[in-house]
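Working notes for the structure below.
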Amino acid sequence: MSQEIFDKAQGKLAEINDYKVDNSEQLEQFRIAYLGSKNTLKPMFGEMRNIANERKKEYGQLMNTLKQTAQSRFDALKDALENKAAENVDVPDLSLPVNADDLGSRHPIALVRNQIIEIFNRLGFVISEGPEIEDDWHNFTALNFPPHHPARDMQDTFFITDDISLRTHTSSVQVRVMEHEKPPIRTISPGRVYRNETISARAHCQFHQVEGLYVDENVSFADLKQTLYYFAQEMFGANTRIQFRPSYFPFTEISAEMDISCFVCGGDGCSICKHTGWVEILGCGMVDPNVLENCGIDSEKYTGFAFGMGVERIAMLKYRISDIRPFFENDIRFLKQFASVTD
Ligand code: PHE
């Protein structure tokens, strides 16, 4: 008789140890069955009286084990359920919208260069490019800088050998175009140029230019003015006015520097235009006949105009940047500010 009761209790113990739950309802059923006020262990305690005296102690211990196991099994099942719930929280919600990828942005120099190119494209100017490492002929001599002429000092040069240097302007590209093409020539040369200058907020040893050239019969200074007036209005707004100041470049005669009316104050005077109402944006002039001849173009028949501007300078004006250095530092915080500019 005793053994049967023992077997029943052992069976119960195995049942508790093997018990599994998948959800909180099943856990509650476990609690009711083994720990609740009418739990199934209770009648087994009552069996004590049917146990032979010599085995009563053993049965009592078994019943204690049963009770403790029920409690610890309950705790373990509850923990497991809670952990499972916590794990479920980490499962990504696949119905959520996707995070937009971080998009890159165009460099402000590329933005402004593209705008300049686009404006001159509309006037029929085509892009020409040439080497950044240039010989003396294309960078200087053909452009009417005689050897040892002090004008060479206008552009502090990085020399590689006596004859080879980093180009100081993209006028060198225009020499190459004139050497190979017959007028009419309408070209713009965007590109990087180098000058041996101390780096400061206002100057850098590398920067970008867009230079333009128009050679044909009867090209006049009036054509130059109208072309650059169109450019200024397209770039800086329809109310922009221009003025020319006499200047000197070896490769142009006559030479001028062009200012635009300040697009910030409209000419009234502000810190951008240093209270003059005007800001300088480019150099220009009629191509010196010597340059045309150096490139094999008949200067009796053809005339031309040329101009050149610094892209950094225009970008600094346009975006009100007071220091040239960030253009070359690749600081993502600087570059990200142009993410919304798309043209
Ligand atoms: N090449 C000149 C410079 O680098 C700019 C310029 C181009 C001036 C064409 C006049 C005509 O400063």
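As the structure is a computational prediction, the values presented were derived from the model and not from experiment. In each ligand, atom 1 is the first atom listed, and ligand 1 is the first ligand listed. Numbers here are sequence positions counted from 1.
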Q. Ion pair present between R245 and E280, side-chain N to carboxylate O less than 4.0 angstrom?
A. yes
**Q.** Lys/Arg-Asp/Glu bridge criterion (N-O < 4.0 Å) met for R31, E28
**A.**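 Yes, R31 and E28 are salt-bridged.
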Q: Please name the residue in the list V291, V287, D288 that meets the side chain to side chain contact (heavy atoms under 4.5 Å, CB included) test with L143.
A: V291
Those atoms of ligand 1 less than 4.0 Å from some heavy atom in [X]:
| X | result |
| --- | --- |
| F307 | 7 (C), 9 (C), 11 (C) |
| C284 | 8 (C), 10 (C), 11 (C) |
| S171 | 1 (N) |
| A306 | 9 (C), 11 (C) |
| F251 | 1 (N), 2 (C), 6 (C), 7 (C), 8 (C), 9 (C), 10 (C), 11 (C) |
| R195 | 3 (C), 4 (O), 12 (O) |

Q) Judged by modelled atom types alone, do N17 and T69 share a side-chain donor-acceptor pair under 3.5 Å? A)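 Side-chain D/A pair, N17 to T69: absent.
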Q) Heavy-atom contact under 4.0 Å between Q209 and ligand 1? A)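 Checking ligand 1 against Q209, which is what was asked, there is a heavy-atom contact under 4.0 Å.
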Q | Heteroatom distance test (T168, ligand 1): nitrogen or oxygen, under 3.5 angstrom | A | no
Please report, to 0.1 Å, the donor-acceptor pairs under 3.5 Å made by any side chain of residues 182-193, with sequence neighbours excluded.
from	atom 1	to	atom 2	distance (Å)
R186	NH1	L123	O	3.1
T187	OG1	V126	O	2.9
T187	OG1	S128	OG	2.7
S189	OG	S128	OG	3.2
R192	NE	H208	NE2	3.4

Q: Begin from the C-alpha positions of N114 and E118 and carry the test side chain to side chain donor-acceptor pair (under 3.5 Å) through to its verdict.
A: CA-CA 6 Å; N114 291 350; E118 213 259 315; over 6 Å; no
(Q) Under the ring-ring contact (aromatic ring centres under 6.0 Å, His included) test against F305, which residue among F244, F221, Y214 passes? (A) Y214
(Q) Students should be able to answer this: which protein heavy-atom is nearest to atom 1 (N) of ligand 1, and at what distance? (A)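 For atom 1 (N) of ligand 1, the nearest protein heavy atom comes out as E211 OE2, 2.7 Å.
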